[in-house]
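These notes concern the structure reproduced below.
Note that ligands are numbered from 1 as they come in the structure, with each ligand's atoms numbered from 1 the same way. All heavy atoms count here, side chains included; hydrogens, waters and symmetry mates do not.
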Amino acid sequence: MSEFDLIDVIRKHCAIARDDVRVGIGDDAAVLAVPAHHQLAVSTDTLVSGVHFPEATEAADIGWKSLAVNLSDLAAMGATPAWATLALTLPSSDRAWVENFCGGFASLAREFKLALVGGDTTQGPLTITVTVHGFVPNDMALLRNGARVGDFVFVTGTLGDAAGGLRLMGSDEPRTDLAQELVQRLNRPTPRVAQGLVLRGRARSCIDVSDGLLADLGHICTASGVGAEIDVDALPMSSTLSAGFSRDDRRNLQLSGGDDYELCFTASDDAATELLGDLARSGCGATRIGRIIEESGVRVVDAAGNAVAVARRGWEHFA
Ligand code: ADP
Ligand code: MG
């Protein structure tokens, strides 16, 4: 297949009709209409084979995940997804692989009525770069820098499942149903878009947890000029994770494991109760895990208030 045949396959699978796409795939650039009184939130994430996903990962899962990690960034900004571009670098012109990739990508895109409006197709080591565009009402984006001393810290969903799945994948033990469930969380993360919209205008700060809770909450603290204290025993955990790991392993996965794609946010005491109710009604509740303090850095304590040592703080390239 030629480059243009591949682009045609992608266009057929992934193009979704939207009135605001004046020109989509096929010209030199897409032409897009931003609604009045809104700003664009734009984010890019690259997935490299062997770095961001194991080489044996199914094409459909890679397609899903490459979009999901980007939608998670829009969710953290409180943005409504609209458009995406896709830069695909493939080792060879493999039609079946591209069709499966598009299957995963398009099933998530359809859920959010997100249109693929352009991209680039090149040959080289398998690498996927997606750029997403979403809308926020003027000056309403959720930022990292709004946390205030006294805020409570919350996180949506559960933590550590994806990192637990990755750990089990690397072990020689036979694959159980339990492992299967955790690996599914690794391969098919759910971007918390609806929850980001609930938080908009109500949370003081927000970030998506991609590199591990400690690392990402650390970014909120640095940007806001504050610190945080979190209770490791309050961290939300799936029954699957608790069944599969010892207490200390589980704690490390929850604190430092990456790939959760949950939202970590802070809110004032006053706003918290109503917010938690609205989040639960949106389909994914949140849990209070700590509070914002003056002293910089992220401190971890247990339910008894004792300091907890942390093995590894999170994922970083070039580290
Ligand atoms: P150009 O040479 O002008 O950069 P290309 O030949 O790279 O154009 O692409 C032709 C059209 O196909 C463009 O509209 C481009 O946005 C689109 N396209 C190319 N690759 C992809 C892809 N992987 N996903 C979606 N659209 C793509
Ligand atoms: Mg091009």
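Proximity to Phe4 (heavy-atom distance under 4.0 Å) selects the following atoms of ligand 1: 6 (O). In the vicinity of Asp28, heavy-atom distances shorter than 4.0 Å reach the ligand 1 atoms 3 (O). Contact atoms of ligand 1 toward Gly26: 11 (C), 13 (C), 14 (O) (distance under 4.0 Å to a heavy atom of the residue).
Remark: Arg188 CZ is packed, more than 12 non-hydrogen atoms of other residues, nucleotides or ligands lying under 6.0 Å away.
Inter-residue side-chain proximity for Asp233 and Arg251 is flagged as met; some heavy-atom pair is nearer than 4.5 Å. Contact of the Tyr261 side chain with the Val69 side chain is registered, since non-hydrogen atoms from C-beta on lie closer than 4.5 Å. You'll find the side chain of Ser72 stays beyond 4.5 Å of the side chain of Asp45, heavy atoms only.
Classification of the Phe101-Trp97 ring pair by plane angle, with boundaries at 30° and 60°, yields parallel. Taking the six-membered ring for Trp and thresholds of 30 and 60 degrees, Trp83 and His133 have ring planes inclined between 30 and 60 degrees apart.
For ligand 1, one of its N or O atoms has an N or O atom of Leu86 under 3.5 Å away.
Residue Asp27 holds the heavy atom nearest to atom 13 (C) of ligand 1 of all those in Ile25, Asp27, Asp8. The closest heavy-atom contact to atom 23 (N) of ligand 1, among the options Thr121, Val9, Thr129, comes from Thr121.
With a 4.0 Å cut-off on non-hydrogen atoms, Ile7 touches ligand 1 through its side chain and not its backbone.
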